[in-house]
Number of protein chains: 2
Amino acid sequence: MKTYSLNQLGRYPIYLKLLKEFFDEGVDIVSSPLIAKRLGYSEEQVRKDLQNVASEVGRPKKGREVKQLIEDIETFLGYRDSTSAVIIGVGHLGAALLNFPSFSEMGLEILAGFDTDPKLLWTRVGGKEIFPVAMLKDILPRLNAHIVIIAVPASAAQSVAEQAVASGAKAIWNFAPTHLDLPDNIVVEDVNLASSLAVLSHRLNVALAKEEKK
Amino acid sequence: MKTYSLNQLGRYPIYLKLLKEFFDEGVDIVSSPLIAKRLGYSEEQVRKDLQNVASEVGRPKKGREVKQLIEDIETFLGYRDSTSAVIIGVGHLGAALLNFPSFSEMGLEILAGFDTDPKLLWTRVGGKEIFPVAMLKDILPRLNAHIVIIAVPASAAQSVAEQAVASGAKAIWNFAPTHLDLPDNIVVEDVNLASSLAVLSHRLNVALAKEEKK
DNA sequence: GAATAATCGGTAAAGAAATATGGATAAACT
DNA sequence: AGTTTATCCATATTTCTTTACCGATTATTC
């Protein structure tokens, strides 16, 4: 079975976004070199990535059908059959995620929020009802949501993650700036802004040093 | 000069976070295998990563000094001399970022926000004043901020990014779900939730398939 | 209708990154 | 004090990812 590196997987949504732009502009056919140029990737990488998920072969001198490619990538990424999620932590970040419009495009339905703040409970944020965290184990199994999004402060993250797992969560999308220690069979994906910033800073330093040298 | 892969760079903030937890618990000395176990990394990877930034050699049978290691990583990541940034787009996400407490720990000072919404202008969000985007080219050079954080809708992202670059931005931290096409000498770091979600979904599917097989 | 140019697909090579190995050293234990 | 054990560092190996190459194919041009 073909395996995909995590970097490679992360590129597909980027292709998808660009392809949809092409589609909206009425472009029917795209070639790998064209995509590569737009995204700053190498031609070969794009070609290999697309080969891996395309249902049809490309045509020499032309490329591939935009519409078909969009379908193929969406199918591959699972955007076509939606998964359910809930979010724990409805502070600034959690509210932003609840109001984020693109998740449903990606096949992710956020069904509800959880928090401990009495002011928030039983209200609606982004159209979704907010329940107390203590009710997680009653509500989560009923919602049949596999994915739990964690957007609480770092200090509370491990604890709510454990509650989520105990309530049947299979995957944790962790926005808290801390490492979660969970059983091996639980999928944990970190959105670590500190890591992203570290990469940015380092690249900026390299760039500034290069500029100085000139 | 030693080069660092982007993956490796992203691990340092994670080490740092864990080391600070150890420090708070009064732990003086840590070994690579211990860190590896806590984070789910291999022992060798941790050792190599730490060797690359540590100012002192580790001691057999003991490990390394937590305090020194924290200093070394913070120095390496540039947390010790802070960089300035501004943020464009003060919607849900932008406001969440303006209220995010950890940035100053990471040496990132967000000095101001920019938006086009008249209701927001000249107010304060997260303690930072909000200016009109049109004033970017007047204000940004005066603030001497190299980093511009973009948190506007995808449709506006390319345009504000170009304005930021024209106003002197050297690095763009892009939270908009779109690819930005900017000059090569500008550092662009994307925070792409779609990519992160794609990785999560794929890993979840693999995990669920494995469970089924049992 | 032949020549040219652009793209594809498959395979090979190169390059990076992670992991394993082996000797050395310092602490802990007997 | 000597032996054992845990960890270090340096180097080698393996594995994974990306890039390069090359023949085949099909539009386009003359």
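All of these numbers come straight from a predicted model, not from anything done at the bench. Quick note on labels: first sequence line is chain A, next is B, and so on, each numbered from 1.
Rounded to whole angstrom, the span from the CG atom of B/L34 across to the C1' atom of D/dC8 amounts to 15 Å. Computed from coordinates, the B/L6 CG to D/dT17 P distance equals 15 Å when rounded to whole Å. Between B/E65 atom CD and D/dT7 atom C1' there is a gap of 16 Å when expressed in whole angstrom units. Rounded to whole angstrom, the span from the NZ atom of B/K37 across to the P atom of D/dA6 amounts to 13 Å. Remark: P of C/dA20 and OH of B/Y41 are 17 Å apart, rounded to the nearest angstrom. Between the CG atom of A/N52 and the C1' atom of C/dC8 there is a distance of 14 Å, given to the nearest Å. Rounded to whole Å, atom P of C/dA3 lies 16 Å from atom NZ of A/K61. For the pair A/E43 CD and C/dC8 P, the computed distance is 7 Å after rounding to whole Å.
A donor N or O paired with an acceptor N or O is found under 3.5 Å between the base of C/dG10 and the side-chain atoms of A/K48. Judged by atom type and distance alone, B/K62 does not reach the base of C/dA28 through any side-chain donor-acceptor pair under 3.5 Å.
Residues B/D72 and B/Q68 have side chains that bring a donor and an acceptor to within less than 3.5 angstrom of each other. Between the side chains of B/E189 and B/N174, no donor-acceptor pair of N or O atoms lies under 3.5 Å. Side-chain N/O atoms of A/T178 and A/Q158 include no donor and acceptor closer than 3.5 Å.
Within the 4.5 Å cutoff, the side chain of B/I35 has no heavy atoms near those of the B/Y41 side chain. In this structure, the side chains of B/L77 and B/M106 stay at 4.5 Å or more apart for every pair of heavy atoms.
Each of C/dA20, C/dA17, C/dG9 was ranked by its minimum atom distance to the side chain of A/V57; first place goes to C/dG9.
B/Q51 comes within 4.0 angstrom of a base, heavy atoms only. Here A/R64 lies in heavy-atom contact (under 4.0 Å) with sugar-phosphate atoms only.
Contact annotation: B/R59 does not reach the phosphate of C/dT25 (side-chain N/O to OP1 or OP2, under 4.0 Å). Between B/S31 and D/dT7 there is a side-chain polar atom (N or O) within less than 4.0 angstrom of OP1 or OP2. Phosphate proximity of C/dA18 to B/R11: present, with a side-chain N or O under 4.0 Å from OP1 or OP2. Contact annotation: B/R47 side-chain N/O to D/dC9 OP1/OP2 distance is not under 4.0 Å. For B/S32, no side-chain nitrogen or oxygen approaches OP1 or OP2 of D/dT7 to under 4.0 Å. Within the 4.0 Å cut-off from OP1 or OP2 of C/dA18, not a single side-chain nitrogen or oxygen of B/S42 is found.
Residues A/P60 and A/Q45 each lie close to DNA chain D; by heavy-atom proximity, the contact nearer the 5' end of the strand is made by A/Q45.
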